[in-house]
Engineer: 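Here it is: the structure, laid out below.
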Amino acid sequence: MAPTKVLTGARVVLPTGTVDDGRVIVDGTRIAAGGSPGNAEVIDLSGHWLLPGFVDLHNHGGGGASFTSGTVDDVLRGIRTHRLHGTTTLVASTVTGDMHFLSRRAGLLSELAEQGEIAGIHFEGPFISPCRKGAHSERLLRDPDPAEVRKLLDAARGHAKMVTLATELPGGIDSVRLLVEHGVIAAVGHTDATYEQTVQAIEAGATVATHLFNAMPPLGHRAPGPITALLEDERVTVELINDGTHLHPAALQLAFHHAGAGRVAFITDAMDAAGFGDGRYMLGPLEVEVADGVARLVEGGSIAGSTLTLDRALQRAVTVDGLPVEDAVAALSANPARLLGMDDRIGSLEPGKDADLVVLDADFALKGVMRRGEWVVDPQPA
């Protein structure tokens, strides 16, 4: 067995706040409560930050690989790419396709969930609005018939974690209730709903806003739309893509001000190009051009996911947006872990939880990643 690791000297972000010159003990795959044997490996992280591993609720791929269309090896490559950037827990997201295709993808991704490689599956589409389709194929969209939603849940074999719906469409509210009954997160997104329709969806059990502000009507003073309803309700967690392209910094501050740090989850919404580079890619059946790190559909120019990694989202949140480190960490770790019902194992640096952690330098650049007690990125390479 690997010796106990004692990580010392870092500024450690805990649920109760930041501790200077802190200490975290890793025993096997878990964080230990205290004490250390004489043969422990002591790792000096002075001058660094030590944070819980990041949890990404909404991710379509990376490293040149797609979770929607790639092979098992492709999907593993995408997962590995994001782990190298601090994401120790990841939900694999699909994009709109026909039902047979999505059911087959659910089967493949479920195997990886059973192996512990991903935390589950997020179906983004096909049950979304053609008015707010973004980078989804309009010809493959369909109304959220509860019977068809149930087919995807069955294909996922208990590993469906979230479904994004335009809840104003026929069958939308009944589909929300179905998801809640099966313990699956109902997310409002790619929607043209009114304020009143969004309130109805929340009352039915919807608890997540899929990439708030994007792919939904803008906030208006006479027609406040879904944004207002999603921000004002304490039961809703709002996803934000903090890449400098999807959101103006003022919009991010608005979300944090109204939802509070406990109801924000930073996501990547990453596609194949994340951690890989510019070029031409496919997002489902649609062709995407990535230039200067921004992904847009070749036809129409809509933003097509992102090339974001969560270490960059955190660095931007602290150094550009001016968020307290603790608030940014909550949005990257504790809040999404709670949504997934996994906060007993991940999301914070506490005894008994998985030893998933991230090491950053004083400028919040990533230097180390540990997942379940093993270094993915060693902060002190030989």
Side-chain angles (χ1 to χ4, degrees), residues 55-59 91 93 119-120 122-125 127-129 132 134 144 149 160-169 172-220 223-242 246-247 251-269 313 317 323 327-328 330-343 347:
V55 181
D56 196 351
L57 292 170
H58 186 157
N59 188 315
V91 176
S93 301
H122 163 218
F123 295 103
E124 187 182 24
F127 311 114
I128 61 176
S129 172
R132 304 285 174 176
V149 175
K161 289 293 185 179
M162 182 162 65
V163 178
T164 294
L165 306 163
T167 54
E168 75 279 9
L169 295 176
I173 297 301
D174 286 340
S175 291
V176 169
R177 295 190 179 109
L178 172 75
L179 293 170
V180 172
E181 289 171 6
H182 287 81
V184 178
I185 298 165
V188 177
H190 288 276
T191 176
D192 205 40
T194 64
Y195 172 86
E196 290 78 12
Q197 288 170 327
T198 307
V199 168
Q200 185 183 13
I202 296 168
E203 290 298 331
T207 55
V208 167
T210 293
H211 43 54
L212 187 75
F213 300 108
N214 296 109
M216 59 183 63
L219 191 154
I227 294 171
T228 302
L230 294 162
L231 281 176
E232 72 183 5
D233 198 295
E234 294 292 327
R235 294 169 289 186
V236 177
T237 297
V238 298
E239 296 181 346
L240 298 178
I241 309 171
N242 193 29
H246 282 79
L247 294 176
L252 180 138
Q253 293 290 351
L254 179 73
F256 269 89
H257 177 75
H258 286 279
R263 291 204 292 120
V264 174
F266 282 142
I267 60 164
T268 61
D269 194 18
L323 290 179
D327 289 357
L332 286 159
S333 302
N335 298 343
R338 183 184 66 251
L339 267 177
L340 293 173
M342 298 176 68
D343 51 331

Engineer: Please find the pair of heavy atoms, one from Gly347 and one from Ser333, that lie closest to each other, and give the distance.
Structural biologist: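 Where Gly347 meets Ser333 most closely, the heavy atoms are O-CB, 3.5 Å.
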Engineer: Taking side chain as C-beta onward, heavy atoms only, is Ile202 less than 4.5 Å from Leu230?
Structural biologist: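 Answer yes - side chains close enough.
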Engineer: Would you check if there is a donor-acceptor pair between the side chains of Glu232 and Tyr195 at a distance under 3.5 Å?
Structural biologist: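 A pair is found: one side chain offers a donor N or O, the other an acceptor, under 3.5 Å apart.
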Engineer: If only atom types and distance count, is the side chain of Ser175 paired as donor or acceptor with the main-chain N or O of Pro144 below 3.5 Å?
Structural biologist: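 Answer holds: yes.
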Engineer: How many angstroms lie between CG in Leu212 and OG1 in Thr237, if you round to the nearest 0.5 Å?
Structural biologist: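 Rounded to the nearest 0.5 Å, the CG-OG1 separation comes to 11.5 Å.
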Engineer: Give me the one residue out of Thr164, Asp269, Thr210 that meets side chain to side chain donor-acceptor pair (under 3.5 Å) with His58.
Structural biologist: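 Result: among Thr164, Asp269, Thr210, Asp269 is the only option passing the side chain to side chain donor-acceptor pair (under 3.5 Å) with His58.
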Engineer: What distance do Arg132 atom CZ and Thr191 atom OG1 have between them, rounded to the nearest 0.5 Å?
Structural biologist: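 Reported to 0.5 Å precision, the distance equals 8.5 Å.
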Engineer: Between atom CG of Asp174 and atom CG of Leu179, what is the distance when rounded to the nearest 0.5 Å?
Structural biologist: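 It is 11.0 Å, given to the nearest 0.5 Å.
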Engineer: For Arg235, which residues count as a salt bridge (charged side-chain N to carboxylate O under 4.0 Å, His left out) partner, sequence neighbours excluded?
Structural biologist: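 Partners of Arg235 by the salt bridge (charged side-chain N to carboxylate O under 4.0 Å, His left out) criterion, ordered by chain and then number, come out as Glu203, Asp233.
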Engineer: For a side-chain contact (heavy atoms from CB on, under 4.5 Å) check, start with the C-alpha distance between Val208 and Met162, then their side-chain angles and the critical distance, and finish with the verdict.
Structural biologist: CA-CA 9 Å; Val208 167; Met162 182 162 65; 3.9 Å; yes
Engineer: If you round to the nearest 0.5 Å, how far is NE2 of His190 from OG of Ser129?
Structural biologist: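 That separation rounds to 10.0 Å.
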Engineer: Please evaluate residues Leu169 and Phe127 with respect to the criterion side-chain contact (heavy atoms from CB on, under 4.5 Å), reporting the C-alpha separation (whole Å), side-chain torsions for both, the decisive distance (0.1 Å), and the verdict.
Structural biologist: CA-CA 8 Å; Leu169 295 176; Phe127 311 114; 6.0 Å; no
Engineer: Restricting to non-hydrogen atoms, name the atom on Pro217 and the atom on Ile227 that form the minimum distance, rounded to 0.1 Å.
Structural biologist: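 Smallest interatomic distance, heavy atoms only, reads O-CD1, 3.4 Å.
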Engineer: Just wondering, do Val236 and Thr207 contact through their side chains at under 4.5 Å, heavy atoms?
Structural biologist: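 No, too far: nothing below the 4.5 Å cut-off.
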Engineer: Side-chain contact test, heavy atoms from C-beta onward, threshold under 4.5 Å: evaluate it for Ile241 versus Ile267 and give yes or no.
Structural biologist: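 With C-beta onward as the side chain, the pair touches.
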Engineer: Taking atom CZ of Phe266 and atom CG of Asn242, what is their separation to the nearest 0.5 Å?
Structural biologist: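 Taking CZ in Phe266 and CG in Asn242, the distance rounds to 4.5 Å.
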Engineer: Do any N or O atoms from the side chain of Arg338 and from the backbone of Gly262 form a donor-acceptor pair under 3.5 angstrom?
Structural biologist: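 Yes; judged by distance alone, with no hydrogens or angles, the pair exists.
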Engineer: Sequence neighbours left out, what passes salt bridge (charged side-chain N to carboxylate O under 4.0 Å, His left out) with Asp343? Give chain and number order.
Structural biologist: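 Here no residue qualifies.
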Engineer: Rounded to the nearest 0.5 Å, what's the gap from CG on Asn335 to CG on Leu340? Could you check?
Structural biologist: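 Result: 11.0 Å between the selected atoms.
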Engineer: With sequence neighbours excluded, tell me which residues meet side chain to side chain donor-acceptor pair (under 3.5 Å) with Asp56.
Structural biologist: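 For Asp56 the side chain to side chain donor-acceptor pair (under 3.5 Å) partners, ignoring immediate neighbours, are Asn59, Thr268.
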Engineer: Quick check: do Leu247 and Asn214 have side-chain heavy atoms less than 4.5 Å from each other?
Structural biologist: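 Touching, per the 4.5 Å side-chain cut-off.
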Engineer: Do Phe213 and Leu240 pass the side-chain contact (heavy atoms from CB on, under 4.5 Å) test, and can you show the C-alpha distance, the side-chain angles, and the key distance before you say yes or no?
Structural biologist: CA-CA 8 Å; Phe213 300 108; Leu240 298 178; 4.2 Å; yes
Engineer: State, without any angle test, whether Gln253 and His258 hold a side-chain donor-acceptor pair at a distance under 3.5 Å.
Structural biologist: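 Judged by distance alone, the side chains do not pair up.
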Engineer: Let's go through Leu178 and Val180 carefully: what are the C-alpha distance in whole Å and the side-chain angles of both, what is the deciding distance for side-chain contact (heavy atoms from CB on, under 4.5 Å) to 0.1 Å, and is it a yes or a no?
Structural biologist: CA-CA 5 Å; Leu178 172 75; Val180 172; over 6 Å; no
